[in-house]
Amino acid sequence: MVDHEGGLGSALVTGCAGFIGSTLAEALLGSGTRVVGIDAVTNSYASELKRANLVALRDHPAFEMHEVDLVDADLVPFLDGIDVVFHVAGLPGVRTSWGEQFAEYDRTNVLGTQRLLEAARHAPVRRIVFSSSSSVYGDAERYPVVETDLPAPRSPYGVTKLAAEHLCNLYAANFGVPTVSLRYFTVYGPRQRPDLSFHRIIEAALGGGTFHMFGTGEQRRQFTYVDDVVSANVLAATADVAPGTVVNIGGGSDSSMNEVIALVESVTGRPVARVDDPVAAGDIFRTGADVTRARALLGWSPKTSIDVGIEAQVAWHRRRSLTTPA
């Protein structure tokens with residue numbers, strides 16, 4: 001777990017029951033920051049998994065939790081006395097963002113962000129750190145991508161994250177709302193969502209199931225360990241940057257999915273049975289971030305190699321299996 005000294009005063013973390021949000025909230029509490037958590041605890045995946053993420057937080061004297069929807073709630077009171085907002089809440093997933101479900105992506109990722117930004121116009125917060133995604137780039141013309149490259153998302157999910165970024169920039173330019181958007185590149189680690197590849201690969205190895213690969217496994221990703229993402233958020237909260245700044249957060253590994261499977265097999269000592277399925281609509285072949293801006297503006301660089309990160313995630317899966325009823 002990342003531990004940052006000094007604290008940030010008081011922080012609001014939206015999506016605090018999720019993978020990244022709960023990890024961030026725990027780190028903030030460990031640094032002496034008071035944390036107000038907001039999460040609708042939706043059924044995007046099993047709500048009991050999200051509630052399990054909150055176990056370590058609920059009894060902390062500096063933590064308070066509110067199960068509310070960003071779209072429906074009056075958000076102004078939640079910003080009272082808040083120094084920094086970490087806007088992690090959002091409906092995730094490329095493959096599930098097509099068709100009728102797009103309306104929920106639009107509502108959660110776009111309208112929810114607009115409602116929060118509108119509330120922030122009337123609150124003296126020092127910084128809003130928005131969790132964006134490398135999905136905004138789509139299949140880029142070059143790698144690694146830099147923040148000034150033209151975004152061209154290939155999925156409805158990517159479109160909603162880019163729209164939310166644009167809202168952050170609009171509120172920064174028109175009302176001085178102090179936003180920073182962080183574009184995450186394939187985050188993994190303990191508490192990772194059950195639909196994501198590392199989670200499914202490790203579960204297949206430990207449980208003897210089958211991992212369904214979308215494509216041949218030659219697709220490459222820049223994988224970023226969750227504690228490195230937490231560190232980027234904390235640094236972005238206090239960095240001297242202009243409102244509306246956008247920063248890539250990626251690194252630690254540039255690997256193919258086949259290389260990831262081989263590494264999981266090595267760490268667990270067990271084979272991964274796999275089935276290769278067709279490439280899903282919206283999936284891209286490669287991601288890769290230039291993090292020069294992150295180093296220059298935030299003083300951030302990735303610290304966790306993929307072998308260390310996978311060992312940590314495998315250990316979490318093993319602990320989890322001991323506490324999950326058969």
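Keep in mind that the numbers below use all heavy atoms, side chains included, and drop hydrogens, waters and symmetry copies. From a predicted model like this one, the values you see are computed outputs, not experimental measurements.
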Quick check on Asp277: does its CG atom have over 12 non-hydrogen neighbours (other residues, nucleotides or ligands) under 6.0 Å away?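 Check passes, neighbour count above 12.
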Looking at Glu48, I'd like to know if its CD atom is crowded, meaning that more than 12 non-hydrogen atoms belonging to other residues, nucleotides or ligands lie closer than 6.0 Å.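 Buried by this count: over 12 neighbours within 6.0 Å.
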Nearest 0.5 Å, what's the OH-CG distance between Tyr184 and Asn233?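 It is 3.5 Å, given to the nearest 0.5 Å.
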Is there a salt bridge (Lys or Arg N to Asp or Glu O under 4.0 Å) between Arg107 and Asp72 once you walk through the steps? CA-CA 11 Å; Arg107 181 184 187 278; Asp72 296 331; 3.2 Å; yes
Aromatic rings Tyr105 and Tyr157: how do their planes relate, parallel, tilted or perpendicular, breaks at 30° and 60°?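 Plane angle over 60°, so perpendicular.
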Parallel, tilted or perpendicular, judged at 30° and 60°: which one describes the rings of Tyr188 and Phe198?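 Ring orientation, 0 to 90° scale: tilted.
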Check whether [Y] forms a cation-pi arrangement with [X] (NZ or CZ under 6.0 Å from the six-membered ring centre, at most 45° off the ring normal).
| X | Y | result |
| --- | --- | --- |
| Lys50 | Tyr45 | yes |
| Arg121 | Phe175 | yes |
| Arg183 | Tyr137 | yes |

Which heavy-atom pair separates Gly15 from Ala89 by the least distance, and what is that distance?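 Distance-wise, the nearest heavy atoms are N-CB, 3.5 Å.
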Ala164 and Thr113: which non-hydrogen atoms are nearest, and at how many Å?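 What the structure gives for the nearest pair is CB-OG1, 3.8 Å.
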Does the side chain of Asp283 come within less than 4.5 Å of Phe214's, by heavy atoms?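 Heavy-atom side-chain distance check passes, below 4.5 Å.
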